[in-house]
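Taking it in order: structure first as structure tokens, then the write-up.
Residue numbers start from 1 in every chain, and the chains themselves are labelled A, B, ... in the order their sequence lines are given, proteins ahead of strands. Keep in mind that this is a model prediction, so the values were computed, not measured.
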Number of protein chains: 2
Amino acid sequence: MKGADMLNLENQLCFPLYAASRLTSQLYAPLLKELDITYPQYLVLLVLWQKGNQTVSEISKQLYLDSGTLTPLLKRIEEKGLVHRTRSKADERIVSIGVTAEGTQLKEKALCIPMQLITSFKEGGNLTMEEVVAFKKTLDKMVGTLARAV
Amino acid sequence: MKGADMLNLENQLCFPLYAASRLTSQLYAPLLKELDITYPQYLVLLVLWQKGNQTVSEISKQLYLDSGTLTPLLKRIEEKGLVHRTRSKADERIVSIGVTAEGTQLKEKALCIPMQLITSFKEGGNLTMEEVVAFKKTLDKMVGTLARAV
DNA sequence: TAAATTTATATTGTACACAATATAATTGTA
DNA sequence: TACAATTATATTGTGTACAATATAAATTTA
């Protein structure tokens with residue numbers, strides 16, 4: 001490949017990642033609208049449902065989001081009554097986040113989301129299961145590499 | 001996999017796409033800072049460098065971005081002197097975008113970016129070339145599927 | 001222990017994303 | 001040819017992202 005060809009859109013690796021990420025968010029949007037949450041808010045709830053109470057920086061490490069993104073997002077879902085934010089007594093710098101009863105209830109409504117996603121994904125029809133499994137394996141390695149690099 | 005396990009972060013396909021997309025943007029950031037442009041602005045310039053003058057909706061189709069994102073972005077890079085925006089005489093609804101002389105010059109500075117990205121990517125060291133090639137092939141198919149689905 | 005450093009979160013400012021709506025030009029149609 | 005429908009772009013409003021900076025608490029060090 002010549003130098004200039006490397007600037008062609010179809011030869012980029014990062015552009016399809018960017019496109020796929022935004023397009024999947026749009027695929028989630030109507031399902032998440034039923035729960036009245038956004039995709040990043042859903043990710044935060046996934047962490048809390050799975051791990052229980054987490055500090056802001058624990059959430060930050062798992063989602064690769066900084067406090068500049070998380071603080072206002074967490075305030076918004078606190079406002080909605082889905083989580084509580086509590087400053088630690090032992091160390092007042094730390095803010096612990098946990099789901100409320102309402103936040104726990106929302107998990108029941110979220111249970112059907114992964115399956116619906118997979119279904120509407122399969123409808124496209126041109127991806128085999130093996131292909132997707134290999135893809136996810138590489139993708140996970142790539143995220144690990146990137147997280148160490150940036 | 002049980003229903004609840006499907007809500008675990010490590011079982012998500014969309015989360016690593018989202019993470020990889022943002023982390024690669026962050027990997028680009030210092031290189032693009034030298035050109036004084038952002039990653040989405042870089043993508044628009046890639047299209048214009050490759051295809052020449054394009055209407056807003058032609059750019060929109062290739063990048064999967066709507067006018068709500070493109071119009072202000074295009075105004076900003078017009079402000080920087082990198083592109084011109086011209087309303088078509090034949091059909092006044094259409095706005096044609098093209099790079100200026102300064103925008104063309106910027107391509108020379110951009111030529112080294114893909115190679116630098118690949119290098120800093122390889123430094124991570126845990127991905128083979130074959131793996132990345134297969135990955136990109138699946139990713140491109142996936143983007144096609146998603147673009148049709150949303 | 002007082003001062004310097006580090007750590008955890010918050011704030012500010014800029015630039016996307018995107019849904020929803022608006023506007024204006026063009027095309028299709030009765 | 002009026003007039004309804006469509007098309008292309010722009011605007012508005014909300015919610016991320018993220019760099020840079022601020023703040024305050026905890027820890028380290030002189």
Inset, instruction - Please state how far atom CD in A:Glu58 lies from atom P in C:dT7, giving the value in whole angstrom units. - result: 16 Å

Inset, instruction - Can you tell me the distance, in whole Å, between the CD1 atom of B:Ile97 and the P atom of D:dA8? - result: 15 Å

Inset, instruction - Would you mind reading off the distance between B:Ile94 atom CD1 and C:dT27 atom C1', rounded to a whole angstrom? - result: 13 Å

Inset, instruction - Calculate the interatomic distance between B:Lys89 atom NZ and C:dA25 atom P; express it in whole Å. - result: 12 Å

Inset, instruction - Working to the nearest 0.5 Å, report the span between CG of B:Leu31 and NZ of B:Lys33. - result: 12.0 Å

Inset, instruction - Kindly compute the distance separating CD (B:Gln41) from CG (B:Leu74), expressed to the nearest 0.5 Å. - result: 9.5 Å

Legend entry - Ion pair check, A:Glu131 and B:Lys141, cut-off under 4.0 Å: yes

Inset, instruction - Using a heavy-atom cut-off of under 4.0 Å over every strand shown, decide if A:Ser60 touches base, sugar-phosphate, or nothing. - result: nothing

Legend entry - Interatomic distance where CG belongs to B:Leu63 and P belongs to C:dC16 [whole Å]: 12 Å

Inset, instruction - Summarise protein proximity over nucleotides 10-23 of chain D in one line of letters, 5' to 3': B for base, S for sugar-phosphate only, - for none, counting protein heavy atoms closer than 4.0 Å. - result: BB---SBBBBS---

Legend entry - From B:Ile97 atom CD1 to B:Thr55 atom OG1, the distance as rounded to the nearest 0.5 Å: 8.5 Å

Inset, instruction - Group every Ile, Leu, Val, Met, Phe, Trp and Tyr by side-chain heavy-atom contacts under 4.5 Å, then state whether A:Val44 and A:Ile94 land in the same group. - result: no

Legend entry - Distance, rounded to the nearest Å, where A:Leu31 contributes CG and C:dA19 contributes P: 14 Å

Inset, instruction - Using atom CG of A:Leu27 as one end and atom P of C:dC18 as the other, report the distance to the nearest whole Å. - result: 13 Å

Inset, instruction - To the nearest 0.5 Å, tell me how far A:Leu139 CG sits from B:Phe15 CZ. - result: 10.0 Å

Legend entry - Positions of residues 143-150 of chain A (non-hydrogen atom under 4.0 Å from DNA chain D), listed by number: none

Inset, instruction - Report the distance from atom CG of A:Asp91 to atom C1' of C:dT7, rounded to the nearest whole Å. - result: 8 Å

Inset, instruction - Please work out whether the ring planes of B:Tyr18 and A:Tyr39 are parallel, tilted or perpendicular, with thresholds of 30° and 60°. - result: perpendicular

Inset, instruction - Establish whether the base of C:dT9 is bridged to the side chain of A:Arg93 by a donor-acceptor pair shorter than 3.5 Å. - result: no

Legend entry - A:Lys107 NZ to A:Leu45 CG distance, which is reported to the nearest 0.5 Å: 11.0 Å

Legend entry - CG on B:Leu106 to CH2 on B:Trp49, rounded to 0.5 Å: 5.0 Å

